[in-house]
Amino acid sequence: MTALAHPPVKHRLGPVTTARHCLTLGGRNLRHLKANPGEIIGFAVVQPLMVIALLVYVFGGAIAGDTATYLQYALPGLIVQSSVTSVLATGTGLHQDISNGLFDRLRSLPIARIAPLMGHLIGTMVRVSAGLLMLLAVGAAQGFEVHTGVWATLAGLLLITLFSAGLAWLSMLVGLAAKSATTVHMLTGMLAIPLTFCSNVFVKTSTMPGWLQTWADINPISQEATALRSLLTGGPIGDSVWWTVGWTVVMTAVFAPLSIQAYRRRV
C-alpha cells in the first residue's frame with residue numbers, strides 16, 4: 001500500500017522567535033536606506049532645512065511678527081507634521097512589497113507570518129524617530145529653545161513616536177486594501193491634508209473660522225502638537241497628553257486588527 005502524503009507540519013513559533021523575525025525584517029527595511037544614501041540625506045538633512053526655511057523664514061514674520069517667535073511656536077508642530085507625513089508613506093512601501101511578490105517569497109520561508117507586516121512598522125518607527133531628532137537638532141541650531149528638561153523632551157518625542165505607531169496601522173490598512181499604488185498615494189494624501197493643515201500645527205486655531213475651529217480643536221494632530229509644545233517649551237499641558245494617548249490606543253485597537261485581517265487575506 002502506498003503511503004499517503006501528508007502536508008508539512010507547521011511548527012508554532014514562540015514569542016522570542018517571532019520578535020527576532022520581526023526585528024530582522026525591520027532591519028531589512030532600514031538597509032534599503034543604506035543602499036540609497038540620497039534618500040537618507042534628503043529625508044534627514046535637506047527636508048528639515050527646507051521645511052524650517054520655507055515655513056518659518058517665509059511666513060513667520062507675517063504670522064507672528066518675527067521669525068524667532070514663530071519658530072518657538074511652529075517647530076513642535078513641524079515635528080508632528082513631519083512624523084505624520086512619514087508614517088502615511090508606510091502604506092505605499094507595504095503595497096509595493098506585496099505587488100513585487102516579496103511577501104509571497106517570504107511566506108515560503110519558515111518565519112513568523114506576521115513578521116513582514118511588523119517589519120514595516122518597526123522600520124517606519126526608526127525612520128520617524130530619526131526624523132524627529134534631526135528636526136529638533138536643526139531647529140535648535142536656528143534658535144529654538146527647549147525650556148523644560150531632558151526627560152520632558154524625551155517624553156514628548158516618545159509620545160510622538162507612539163502616536164505615529166498608531167497612525168501607521170491606518171496607513172498599512174490603506175496599503176493593504178488599495179488595488180494600486182496610485183490609490184494609496186491618493187488616499188494617504190487625502191488623510192494628510194485635513195489632519196495637518198486643519199490643525200494648530202502652523203497657526204493658532206483661534207484665527208480660524210468657527211466651523212473650522214471646531215474641527216481643528218478636536219483634531220488629534222492638534223492635541224499631539226499642543227502636548228509636544230507643552231513638553232518642550234513648558235506651556236500648560238492640560239489634557240492634551242491624555243488625549244494623544246487616548247487617540248493612540250483607539251487607532252491601535254481599531255486599525256491593527258483590521259490591518260492584520262487584510263494582510264492575511266492579501267497574502
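Just so it is clear, the model here is predicted, and its values are computed rather than measured.
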Taken in chain and number order and not counting sequence neighbours, the residues that satisfy side chain to side chain contact (heavy atoms under 4.5 Å, CB included) with Val254 are Val250, Leu258
Problem set entry | Pairwise ring pair (Phe, Tyr, Trp, His ring centres under 6.0 Å) hits with a residue in residues 241-262, at least two apart |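 Found none.
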Which residue pairs satisfy the side chain to side chain donor-acceptor pair (under 3.5 Å) criterion with at least one member in [range], sequence neighbours excluded?
range: residues 128-143; result: Tyr57-Gln142
range: residues 178-201; result: Ser180-Thr183, Asn200-Thr226
range: residues 62-75; result: Asp66-Thr69
range: residues 212-224; result: Thr205-Asp217

[X] versus [Y]: any side-chain heavy-atom pair under 4.5 Å?
X: Leu212; Y: Pro209; answer: yes
X: Thr90; Y: Leu121; answer: no
X: Ser86; Y: Thr124; answer: no

Quiz: residues 161-178 side-chain donor-acceptor pairs under 3.5 angstrom, not counting sequence neighbours:
| from | atom 1 | to | atom 2 | distance (Å) |
| --- | --- | --- | --- | --- |
| Thr161 | OG1 | Leu157 | O | 2.9 |
| Ser164 | OG | Ile160 | O | 2.8 |
| Ser171 | OG | Val87 | O | 3.2 |
| Ser171 | OG | Leu88 | O | 3.0 |
| Ser171 | OG | Gly91 | N | 2.8 |

Can you list everything that forms a ring pair (Phe, Tyr, Trp, His ring centres under 6.0 Å) with Phe197? Sequence neighbours excluded, please.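 Ring pair (Phe, Tyr, Trp, His ring centres under 6.0 Å) list for Phe197, sorted by chain: Phe202.
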Looking at Met186, I want to see if its CE is surrounded by more than 12 non-hydrogen atoms of other residues, nucleotides or ligands under 6.0 Å.
yes
Nearest atoms (heavy-atom pairs only) where Thr248 meets Thr252: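 Looking at all heavy atoms of both residues, the closest pair is O-OG1, 2.8 Å.
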Pairs of donor and acceptor atoms involving the side chains of residues 144-152, under 3.5 Å and at least two apart or interchain, shall be tabulated with distances.
| from | atom 1 | to | atom 2 | distance (Å) |
| --- | --- | --- | --- | --- |
| Thr148 | OG1 | Leu231 | O | 2.6 |
| Thr148 | OG1 | Leu232 | O | 3.4 |

